[in-house]
Amino acid sequence: MKFATWNVNSLAVRLPQLLDWLAANPVDALVLQETKLTDDKFPTLEIGEAGYQVQWFGQKTYNGVALLSKVAARDVVKNITGYADEQARLIAGTVATAAGDVRVIGGYFPNGQALDSDKFVYKMAWLDGLRAWLATELKTHDKLVLMGDFNIAPEDRDCYDPAAFVGQTHTSPQERAHFQALIDLGLTDAYRMFEQPPKSYSWWDYRMLGFQKNKGLRIDHILVSAGLKPLVTACTIDRQMRKLPKPSDHAPVIVTLGD
DNA sequence: ATGGTAGAATGTCTA
């Protein structure tokens with residue numbers, strides 16, 4: 001069983017890469033972020049022909065998320081219940097797997113832009129809303145996976161130059177406290193369950209040869225509930241995708257449960 | 001050193 005997350009940075013541009021990736025990497029469920037498509041433009045036909053059911057939630061120009069699954073997702077929720085949001089940033093559904101029902105949640109967490117920005121205030125409020133809603137989701141879903149672009153590098157080792165990020169977003173104590181609060185709900189960072197290569201990142205800036213110099217951040221995460229954790233056997237970042245022509249600035253992250 | 005690239009959209013914002 002596999003679940004994955006990928007910030008595609010425009011599904012219109014990345015659709016051929018997505019279809020190739022799915023053919024090579026069959027998954028039970030995949031969440032996408034930054035589809036940047038209104039719902040009427042969503043490529044349902046192509047994804048269906050690839051053998052996946054899909055739920056989508058988009059808006060014009062920015063944001064937009066989707067949930068692909070082999071089996072149709074049930075009880076689909078768009079955005080955080082209890083947190084009014086103008087932006088399309090979260091989609092959740094229950095997916096039947098060999099291990100039983102799994103609640104799959106895909107999120108495109110706010111970027112925050114700068115610590116003194118209104119967008120950072122929004123990021124903090126969004127994270128408060130997420131935590132409150134997740135607490136209730138966990139009461140009814142023993143097996144839950146929260147995946148997506150968190151826009152938070154949880155530890156210094158998840159940032160290519162922690163000193164350079166002091167005073168900026170993604171590594172701030174406030175953001176890391178929010179990440180820890182999600183962990184404290186009973187979730188586990190699947191990537192850190194295993195020994196991983198040093199300087200492992202999931203995002204690299206398009207500018208200044210970020211990928212070539214491996215100047216990246218690990219901000220795309222897969223958190224598993226206590227009911228799923230014993231099943232997790234691997235978690236990897238598919239950095240090969242960042243090497244392709246016209247890449248997304250993010251690489252997919254994949255978790256394997258069981259064989 | 002405050003640049004640089006990519007995407008949506010066609011101004012300029014977001015990342």
Side-chain angles (χ1 to χ4, degrees), chain A residues 5-21 31-43 46-47 56-66 79 85-91 106-127 130 147-154 158-172 174-176 178-179 201-221 237-253:
Chain A
T5 176
W6 190 24
N7 180 324
V8 292
N9 186 22
S10 168
L11 184 53
V13 173
R14 233 63 68 191
L15 182 60
Q17 289 185 15
L18 172 66
L19 298 176
D20 287 348
W21 191 87
V31 290
L32 304 177
Q33 302 88 41
E34 285 204 89
T35 55
K36 296 186 174 179
L37 290 171
T38 51
D39 287 342
D40 57 304
K41 302 266 177 48
F42 197 87
E46 292 88 341
I47 289 172
W56 61 97
F57 179 39
Q59 66 177 87
K60 188 178 162 77
T61 308
Y62 302 119
N63 309 311
V65 288
N79 269 351
D85 198 346
E86 299 287 311
Q87 305 183 23
R89 292 189 172 273
L90 185 137
I91 192 161
Y108 175 46
F109 294 36
N111 177 290
Q113 197 167 72
L115 297 185
D116 60 356
S117 164
D118 289 345
K119 295 187 178 68
F120 192 80
V121 176
Y122 167 61
K123 184 176 194 171
M124 296 293 105
W126 194 94
L127 285 160
L130 175 67
M147 308 186 278
D149 176 0
F150 284 51
N151 273 313
I152 301 172
D158 300 314
C159 175
Y160 70 92
D161 186 354
F165 273 74
V166 171
Q168 299 194 54
T169 55
H170 294 71
T171 62
S172 73
Q174 302 96 302
E175 289 160 283
R176 286 177 172 175
H178 270 291
F179 187 89
Y201 308 123
S202 65
W203 169 88
W204 301 260
D205 202 309
Y206 285 123
R207 299 166 291 188
M208 304 297 283
L209 301 172
F211 183 68
Q212 290 87 334
K213 295 178 178 174
N214 198 30
K215 289 187 168 184
L217 302 175
R218 191 177 71 93
I219 54 177
D220 300 270
H221 305 296
I237 299 171
D238 187 0
R239 67 194 307 280
Q240 294 302 116
M241 292 302 286
R242 190 61 174 77
K243 298 181 179 177
L244 296 176
K246 299 276 291 178
S248 167
D249 44 353
H250 295 254
V253 185

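Naming convention: chains lettered A, B, ... in sequence-line order (proteins, then strands); numbering from 1 in each chain. Only this structure's heavy atoms are used, side chains among them; waters, hydrogens and symmetry mates stay out. Remember, predicted model here, so these are calculated numbers, not experimental data.
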Integer-rounded Å distance: [N] [atom2] and [X] [atom1]:
X: A/Asp249; N: B/dG4; atom1: CG; atom2: C1'; answer: 14 Å
X: A/Gln59; N: B/dC13; atom1: CD; atom2: P; answer: 17 Å
X: A/Leu244; N: B/dA6; atom1: CG; atom2: P; answer: 14 Å
X: A/Phe109; N: B/dA15; atom1: CZ; atom2: P; answer: 15 Å
X: A/Trp203; N: B/dA6; atom1: CH2; atom2: P; answer: 13 Å
X: A/Arg242; N: B/dT5; atom1: CZ; atom2: P; answer: 13 Å
X: A/Arg14; N: B/dA8; atom1: CZ; atom2: P; answer: 8 Å
X: A/Asp161; N: B/dA1; atom1: CG; atom2: P; answer: 16 Å

Please determine whether a side-chain nitrogen or oxygen atom of A/Lys119 lies at a distance below 4.0 Å from atom OP1 or OP2 of B/dT14.
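Checking B/dT14 against A/Lys119, a side-chain N or O does come within under 4.0 Å of OP1 or OP2.
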
Check the phosphate of B/dT14 against A/Lys36, side-chain N and O only, distance under 4.0 Å to OP1 or OP2. Yes or no?
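For A/Lys36, the contact criterion (side-chain N or O under 4.0 Å from OP1 or OP2 of B/dT14) is not met.
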
Using only atom types and a distance under 3.5 Å, with no angle test, would you say the side chain of A/Asn151 pairs donor to acceptor with the backbone of A/His170?
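Not at all, since once roles are kept as given, no pair shorter than 3.5 Å links the two residues.
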
Rounded distance in Å between the [atom1] positions of [N] and [M]:
N: B/dG11; M: B/dA1; atom1: P; answer: 36 Å
N: B/dG4; M: B/dT10; atom1: P; answer: 24 Å
N: B/dT12; M: B/dT2; atom1: P; answer: 23 Å
N: B/dA8; M: B/dG3; atom1: P; answer: 25 Å

Base, sugar-phosphate, or nothing: which does A/Tyr108 touch, judged by heavy atoms less than 4.0 Å apart?
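The answer is sugar-phosphate, as A/Tyr108 gets under 4.0 Å only of primed atoms, P, OP1 or OP2.
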
Is the ring pair A/Tyr201/A/Tyr160 parallel, tilted or perpendicular, if the boundaries are 30 and 60 degrees?
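Perpendicular, since the angle between the ring planes exceeds 60°.
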
Proximal nucleotide (of [options]) relative to the [X] side chain:
X: A/Arg207; options: B/dG7, B/dA1, B/dT5; result: B/dT5
X: A/Tyr62; options: B/dA8, B/dT14, B/dA15; result: B/dT14
X: A/Tyr206; options: B/dA15, B/dG4, B/dT5; result: B/dT5

To check you understand the geometry: which heavy-atom pair defines the closest contact between A/Asp220 and A/Val253, and what is its length?
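Between these two residues, the closest heavy atoms are O-CG2, 3.7 Å.
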
Which residue, A/Val13 or A/Gly112, contacts DNA chain B at a nucleotide closer to its 5' end, judged by nearest heavy atom?
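Looking at DNA chain B, the more 5' nearest nucleotide goes with A/Val13.
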
A/Asn111 or A/Ala12, whichever maps to the more 5' nucleotide of DNA chain B:
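The residue closer to the strand's 5' end, by nearest nucleotide, is A/Ala12.
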
Could you measure the distance from the CH2 atom of A/Trp56 to the CG atom of A/Asp40? Nearest 0.5 Å is fine.
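Separation between the atoms: 10.5 Å.
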
In a check of side chain to side chain contact (heavy atoms under 4.5 Å, CB included) between A/Trp6 and each of A/Gln17, A/Met147, A/Gln33, A/Glu34, which one passes?
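Looking at A/Gln17, A/Met147, A/Gln33, A/Glu34, the match for A/Trp6 under the side chain to side chain contact (heavy atoms under 4.5 Å, CB included) is A/Gln17.
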
